[in-house]
*Asks:* 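Below you'll find the structure I mean.
Predicted model only: the values in this text are computed from it and were never measured.
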Amino acid sequence: MKKGLDTSKNRFASTVNQKKEILVTRSSMPPIEEYIEMIRPLWDSHWLTNMGTYHKQLEQNLAAYLETEYISLTSNGHMALELSIQSMKFPAGSEIITTPFTFISTTHAILRNGLIPIFCDIKEDYTIDEDKIEDLITENTVAILPVHVYGNICNIEKIHNIAYKYDLKVIYDAAHAFGEKYHGQGVGRFGDLSIFSFHATKVYNTIEGGAICCRDRKKWEELYNLKNFGIRSEELVVSVGANAKMNEFQAAMGLCNLRHMEEEIEKRKIVWEHYSQLLKNRPEIRLNTYSQDIEPNYAYFPILLESEEKRKQTYARLLEHGVHARKYFYPLTSDAACFKNKYRSVPLVKARDYASRVLVLPLYADLEMADVDRIAELI
Ligand SMILES: *Cc1c(COP(=O)(O)O)cnc(C)c1O
């Protein structure tokens with residue numbers, strides 16, 4: 001085994017112990033017959049990718065489901081982020097104000113576009129602290145890239161006002177917020193662009209996959225070119241582009257899973273409420289509560305413990321009993337080994353504090369109530 005590799009997911013060892021392992025998430029899948037029915041026509045047509053029937057159908061269905069005008073499907077959520085930023089054509093070296101309390105993808109997407117992340121602290125609900133954004137704006141700032149962490153929606157109004165005042169673009173990383181509504185509106189509608197991830201571990205999956213929501217046809221065309229080599233016809237390449245298309249097997253999975261979304265969220269809600277019920281009378285544990293303005297998707301169940309030591313103990317105790325909670329998001333992306341101390345340092349007091357105490361508990365549609373009971377008891 002290579003040094004430094006995470007071996008905590010050694011499933012073999014766990015089967016030997018006959019211990020029931022509960023991972024932090026478990027991909028939702030449609031009944032296998034349903035998927036086979038969907039992919040059968042692909043064997044007849046031999047059309048496996050390149051914006052086939054399912055890709056187009058899923059774009060339509062998702063635009064309706066997410067209540068956005070235009071949506072472009074991508075191979076994964078990360079490429080949705082990268083291409084979103086690229087489509088803005090910011091000058092190299094420009095600064096983007098973002099949060100360090102996120103999955104590393106958000107920060108990498110900025111850097112891989114030749115831009116500089118400026119990290120802003122977060123607030124109680126784990127999203128970017130909008131009151132700290134203005135102080136970070138310089139003449140090089142071009143955009144704000146906030147994340148709807150755990151499905152908690154950022155302060156859309158204030159961020160919009162700041163962006164308007166300083167003429168900045170806003171790209172939301174909505175990877176955690178699939179299907180949510182904020183003040184009755186689909187969250188994909190906010191900002192200049194919003195991106196989703198349909199990775200296997202998310203509330204809604206296309207195995208791997210992602211999407212960019214945009215407001216007009218022109219942007220949609222631009223994103224199309226970016227995800228398909230800029231190819232518009234057999235002899236016409238209009239711009240430089242990558243390959244980030246969603247293929248037909250992914251889209252077929254997406255069409256199947258979309259049919260079951262209501263049930264999926266209802267089941268998650270039951271698990272979520274059961275955890276809340278069991279843990280709410282523990283003053284030393286802070287639970288995440290959704291604001292009244294949100295129609296939530298119950299994607300995650302983060303708890304905030306009293307201290308880093310308590311988090312360490314709780315994590316270890318759960319693991320000992322086969323329960324894989326996640327220190328999500330720890331470390332902060334600003335502290336990732338690959339660029340620690342490389343970018344302008346800003347006090348990230350709350351982000352650091354929360355990253356050291358947060359623990360995300362297992363949550364998925366088919367998690368059994370008895371397991372929730374057991375996890376709560378272990379905590
Ligand atoms: C999952 C995730 C991504 C990346 O999505 P992939 O589909 O895995 O590429 C980006 N940002 C956040 C916050 C995520 O949780």
*Asks:* Would the number of heavy atoms belonging to other residues, nucleotides or ligands and lying under 6.0 Å from CZ of Arg286 be above 12?
*Replies:*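 Counting neighbours around CZ of Arg286, more than 12 heavy atoms of other residues, nucleotides or ligands fall under 6.0 Å, so yes.
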*Asks:* Using a 3.5 Å distance criterion without hydrogens, assess whether the side chain of Trp43 forms a donor-acceptor pair with backbone atoms of Ser45.
*Replies:*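 Side chain of Trp43 to backbone of Ser45, a donor-acceptor pair under 3.5 Å: no, none is there.
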*Asks:* For the backbone of Tyr182 and the side chain of Asp293, can you confirm whether one donor and one acceptor N or O come within less than 3.5 Å of each other?
*Replies:*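 Not at all, since once roles are kept as given, no pair shorter than 3.5 Å links the two residues.
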*Asks:* Does Glu130 reach the main-chain N or O of Ile159 with its side chain, forming a donor-acceptor pair under 3.5 Å?
*Replies:*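 Between the backbone of Ile159 and the side chain of Glu130 there is no qualifying donor-acceptor contact (under 3.5 Å).
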*Asks:* So does Glu124 pair up with Lys350, basic N to acidic O under 4.0 Å?
*Replies:*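 Counted as a salt bridge, because a side-chain N and a carboxylate O are separated by less than 4.0 Å.
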*Asks:* To the nearest 0.5 Å, tell me how far Arg26 CZ sits from Asp366 CG.
*Replies:*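 The CG atom of Asp366 is 6.0 Å from CZ of Arg26, to the nearest 0.5 Å.
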*Asks:* Test your reading of the model: is there a side-chain donor-acceptor pair from His199 to the backbone of Thr201, 3.5 Å cut-off?
*Replies:*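 Looks like yes, one N/O pair under 3.5 Å.
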*Asks:* Are Lys123 and Thr127 packed together at the side-chain level, in the sense that at least one heavy-atom pair is separated by less than 4.5 angstrom?
*Replies:*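 Yes, their side chains come closer than 4.5 Å.
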*Asks:* So, Asn297 and Arg268: side-chain donor and acceptor under 3.5 Å apart, yes or no?
*Replies:*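 Asn297 vs Arg268: no donor-acceptor pair found between side chains.
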*Asks:* For Asn243 versus Phe229, what's the shortest heavy-atom pair and its separation?
*Replies:*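 In this case the closest contact between Asn243 and Phe229 is CB-CZ, 3.3 Å.
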*Asks:* Does the pair Glu266/Lys269 count as a salt bridge with the N-to-O cut at 4.0 Å?
*Replies:*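 So Glu266 does not pair with Lys269 through a salt bridge.
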*Asks:* Give, for atom CG of Leu332 and atom CD1 of Ile104, the distance between the pair rounded to the nearest 0.5 Å.
*Replies:*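 With rounding to 0.5 Å, CG (Leu332) is 10.0 Å from CD1 (Ile104).
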*Asks:* Answer yes or no: is there a donor N or O on one side and an acceptor on the other, between the side chain of Arg311 and the main chain of Leu359, under 3.5 Å?
*Replies:*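 No; zero donor-acceptor contacts below 3.5 Å.
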*Asks:* Might you confirm whether atom CZ of Arg215 has over 12 heavy atoms from other residues, nucleotides or ligands at distances under 6.0 Å?
*Replies:*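 Result for CZ/Arg215: enclosed.
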*Asks:* Using only atom types and a distance under 3.5 Å, with no angle test, would you say the side chain of Asn113 pairs donor to acceptor with the backbone of Glu82?
*Replies:*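 Here the side-chain-to-backbone pair exists.
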*Asks:* Is Val238 reachable from Tyr224 through a run of I, L, V, M, F, W or Y residues, each pair having side-chain heavy atoms under 4.5 Å apart?
*Replies:*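 Per the 4.5 Å side-chain linkage, Tyr224 and Val238 are not co-clustered.
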*Asks:* Would you mind telling me which of Phe329, Tyr126, Tyr298 makes a ring pair (Phe, Tyr, Trp, His ring centres under 6.0 Å) with His176?
*Replies:*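 By the ring pair (Phe, Tyr, Trp, His ring centres under 6.0 Å) criterion, His176 pairs with just one of Phe329, Tyr126, Tyr298: Phe329.
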*Asks:* Grouping I, L, V, M, F, W and Y whenever their side-chain heavy atoms are under 4.5 Å apart, do Ile133 and Val142 come out in a common cluster?
*Replies:*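 No, Ile133 does not connect to Val142 through the hydrophobic network.
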*Asks:* Do any side-chain atoms of residues 143-154 form donor-acceptor pairs under 3.5 angstrom with protein atoms, and if so which ones, sequence neighbours left out?
*Replies:*
residue, atom, partner, partner atom, Å
His148, ND1, Cys154, N, 3.2
Tyr150, OH, Tyr328, O, 2.6
Asn152, OD1, Asn288, ND2, 3.3
Asn152, ND2, Asp125, O, 2.9
Asn152, ND2, Asn288, OD1, 2.9

*Asks:* I'd like to know if the side chain of Thr99 and the backbone of Ile128 have a donor-acceptor N/O pair within less than 3.5 Å.
*Replies:*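 Judged by distance alone, no pair lies under 3.5 Å.
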*Asks:* If we check side-chain contact (heavy atoms from CB on, under 4.5 Å) with Phe198, which of these qualifies: Val203, Thr74, Leu62?
*Replies:*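 Option passing the side-chain contact (heavy atoms from CB on, under 4.5 Å) with Phe198: Leu62.
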*Asks:* Looking at residues at least two apart in the chain, or sitting in another chain, which of them share a ring pair (Phe, Tyr, Trp, His ring centres under 6.0 Å) with Phe301?
*Replies:*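 For Phe301, the residues satisfying ring pair (Phe, Tyr, Trp, His ring centres under 6.0 Å) (neighbours in sequence not counted) are Trp272, Tyr275.
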*Asks:* May I ask you to decide if Ile71's main-chain N or O and Trp220's side chain share a donor-acceptor pair within less than 3.5 Å?
*Replies:*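 Checked: pair present.
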*Asks:* Side chains of Arg112 and His78, heavy atoms from C-beta outward: is any pair under 4.5 Å?
*Replies:*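 In contact.
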*Asks:* Sequence neighbours left out, what passes salt bridge (Lys or Arg N to Asp or Glu O under 4.0 Å) with Arg282? Give chain and number order.
*Replies:*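 For Arg282, the residues satisfying salt bridge (Lys or Arg N to Asp or Glu O under 4.0 Å) (neighbours in sequence not counted) are Glu284.
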*Asks:* So how far is it from Arg189 CZ to Thr68 OG1, rounded to the nearest 0.5 Å?
*Replies:*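 The CZ atom of Arg189 sits 7.5 Å away from the OG1 atom of Thr68.
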*Asks:* Distance-only, no hydrogens or angles: does the Lys227 side chain make a donor-acceptor pair with backbone N or O of Leu73 under 3.5 Å?
*Replies:*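 Side chain of Lys227 to backbone of Leu73: a pair is present.
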*Asks:* Could you check whether the rings of Phe119 and Tyr343 sit parallel, tilted or perpendicular, using 30° and 60° as the cut-offs?
*Replies:*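 Rings of Phe119 and Tyr343: perpendicular, over 60°.
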*Asks:* Can you confirm if the NZ or CZ of Lys327 lies within 45° of the ring axis of Tyr315 and under 6.0 Å from the centre of its six-membered ring?
*Replies:*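 That pair qualifies as a cation-pi contact.
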*Asks:* Is there a path of hydrophobic side-chain contacts, each under 4.5 Å between heavy atoms of I/L/V/M/F/W/Y residues, joining Leu319 to Tyr330?
*Replies:*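 They do not share one cluster, since no chain of ILVMFWY contacts under 4.5 Å joins Tyr330 to Leu319.
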*Asks:* Taking Asp192 for the side chain and Lys169 for the main chain, is one N or O donor matched with an acceptor at less than 3.5 Å?
*Replies:*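 Flag not set: sc Asp192 to bb Lys169 has no pair under 3.5 Å.
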*Asks:* Do the side chains of Ile137 and Val170 join up, straight or via other hydrophobic residues, at under 4.5 Å, putting them in one cluster?
*Replies:*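 Same cluster: Ile137 reaches Val170 through Ile, Leu, Val, Met, Phe, Trp or Tyr contacts under 4.5 Å.
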